[in-house]
Amino acid sequence: MFHVLSQCLSSPTATLSQARQAHALILKLNLFSDTHLTTTLLSLYANTHSLSTPQLSLTLSSHLPHPTLFSFSSLIQAFARSSHFPHVLTAFSHLAPRGLVSDAFLLPTTIKSCAILRALNQGQQVHAFALASGFVSDSIVASSLIQMYLKCDRIVDARKLFDRMPERDVVVWSAMIAGYSRLGLVDEARGLFGEMRSCGVEPNLVTWNGLLVGLGNNGLYDEAVGMFRVMLLEGFLPDGSTVSCVLPSVGCLEDVVMGSQVHCYVIKEGLLCDKFVVSAMLDMYGKCGCVKEMSRVFDEVEEVEIGSLNAFLTGLSRNGMVDSALEVFNRLKDQKMELNVVTWTSVIASCSQNGKDFEALELFRDMQANGVEPNAVTIPSLIPACGNISALTHGKEIHCFSLRKGIFDDVYVGSALIDMYAKCGRIQLSRRCFDNMLAPNLVSWNAVMSGYAMHGKAKETMEMFHMMQQSGQKPDSITFTCVLSACAQNGLTEEGWHYYNSMSKEHGIEPKMEHYACMVTLLSRVGKLEEAYSIIKEMPFEPDACVWGALLSSCRVHNNLSLGEIAAEKLFPLEPANPGNYVLLSNIYASKGLWDEENRIREMMKSKGLRKNPGYSWIEVGHKVHMLLASDQSHPQMKDILEKLDKLNMEMKKSGYLPKTNFVLQDVEEQDKEQILCGHSEKLAVVLGLLNTSPGQPLQVIKNLRICDDCHAVIKAISKLEGREIYIRDTNRFHHMKDGVCSCGDFW
DNA sequence: TTAGGGTTAG
């Protein structure tokens, strides 16, 4: 019986149920006294992944009357093979109490488990043992310890051990180089690589790969690709790992020629069976904009692997093919393919980045319903969707969700929250998120400044700009867009010029298109139209539609016909299909009573098949976001809305309000004009909010066009009459209305 | 019988 059992347990094909049967027999026949048999049983349990808790192994080992080092050794090796690393450490810790002393062979496996678990404390204990026992002079033990320190980000400790090694082989050199690479210390990695060669140790593929990945991950794409070329010249034959190390850099450089060469090599060497190679290849083609080649690689792969699918989906949406990405995603979901958090995050991100904000929120719910746990990347991918549609309730829920998940100090989450709260009108909450951040980065500073800028808070924007510099954070071109647009919102020409001039002089940042657009807006809004036009004429490159559009739109505000016509003449060929531009010019004509000219523009629009963009507004009521179109009768509560609006109009007229009909630039009767103004979507949305929320609750509305003067006046009045704070976000900025006053100071 | 390298989501 003993013999049969022993054979059965040692068989490489032994199953868990056989192990259980054997276990029962061992118990029944009281065969636990046999160390070999019991050890084999333990190893088998470990190999079949069935030892889920250390307790089981300890219970079993307690039956061993005289456990030997061999018992523990085989147990530890079995745990390591089956990736039960915590059990490795537990088993190792039971050696000493039993009077057993580890040998050198047991240390590397144990140390590796510490490394994988990032268990620095236990790793240091093993290190102490290695020093005391002298095993530290064993090069493999030292190698393992170095690796453990590197994994725990203790580069100095790793280096100390490395420097003390009398003999260093290619393995330990490669480990140090890869360690420096991973931590972004590229100079050190490069230095060691040279030092290694001068010591007469030749690199192998592993060494090259470690260096390549470090270069690529730190943005040194050119150097990574160059290093890859050198490697080829020196006669090294890249393996799958090398290829997947270098392809991300090839993609970032959009070097299609190199990419295709690597692709040919991959086919020749038969590396397409390597899942890392496939996903790196898809990623590379996606980044290079080669959708056809990417799709071909994807179609040619026999079995869809999750990493490749994720790379493919990202590649599609990177190239504007969000619908195709969603189609592939839905198809594979329906086919019950197991999708992971990367897949879900990828589609959520492509929705929120491409105007599919409602879909992004829906996917987030769906993801959790499918049992996939969102992580620290999912959250900041989703948050912008809430900001885009001013869905404050959803945004707050996701904020809470991230706190519940223990995501407190993630710089991406923090920056996304700053942006979301600002876009939902809650600038104080936005600032609080910024103040709570442990280590804000450039994106976080830009987010808080852009928030203040869109709320027209120039003083705060400039304060943050100076705080940022005091903190040692250098600005980038986006920082200046925020500062300049804040100046533009407030007509601060002097300050605007100051920051604009300091850009290249003090910060070495050359003004880009958007900075010129800000300056043109700033000057033209305050009526300095000629000065704005001079800036345009002096630009070192051709102005784009934003720049001319800014000028035209200010010409409309100041009803400047001659410059307006110049701007329109430049703008129309740049954006022939944008109805807004034609409307601006026709409005200038209309404001001057030039109905023939106005008509000519309208006819021009008609002949191009263009219609005025319908104005629409969004408002979140409870968990639902409603969209209202101007003069739209389809909303089920429209009758109530119009009734309420009528009542409000009566009250306003009593207190001296006159409808600003000069904003209805159509050749119609005065009373009809009033009717048209009543149908503006932002008013409808505000009234819908009044009807469906409790008194005193703030309302936030987004409008797809710029708010008109009349709506501005009416909603200001409503804020007073109804005692509500009302936040309106138009395409230009925020209007925070309270007690009949707007935060923009009526300048927008 | 023990030590070193890789892809995909913000």
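Chain naming here is simple, since letters A, B, ... match the order of the sequence lines and numbering starts at 1 in each.
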Could you tell me whether [X] contacts a base, only the sugar-phosphate backbone, or nothing, with contacts defined as non-hydrogen atoms closer than 4.0 Å?
X: A:Ala376; result: base
X: A:Glu305; result: nothing
X: A:Val141; result: nothing
X: A:Asp239; result: base
X: A:Asp138; result: nothing
X: A:Gly179; result: nothing
X: A:Arg318; result: sugar-phosphate

Relative to the ring of A:Phe312, is the ring of A:Phe298 parallel (under 30°), tilted (30 to 60°) or perpendicular (over 60°)?
parallel
Which pairs with one or both residues in residues 297-307 of chain A pass side chain to side chain donor-acceptor pair (under 3.5 Å), sequence neighbours excluded?
A:Glu305-A:Ser308
With sequence neighbours excluded, give me every side chain to side chain donor-acceptor pair (under 3.5 Å) pair touching residues 110-132 of chain A.
A:His127-A:Tyr149
Would you check if A:Trp344 and A:Lys333 make a side-chain contact, meaning some heavy-atom pair closer than 4.5 Å?
yes
Compute the ring centroids of A:Tyr421 and A:Phe434, then answer whether they are less than 6.0 Å apart.
no
Only residue of A:Thr207, A:Leu192, A:Asn204 satisfying side chain to side chain contact (heavy atoms under 4.5 Å, CB included) with A:Trp173 is A:Leu192
The first and last nucleotides of DNA chain B lying within contact of chain A, meaning any atom under 4.0 Å from one of its heavy atoms, run from B:dT1 to B:dG10
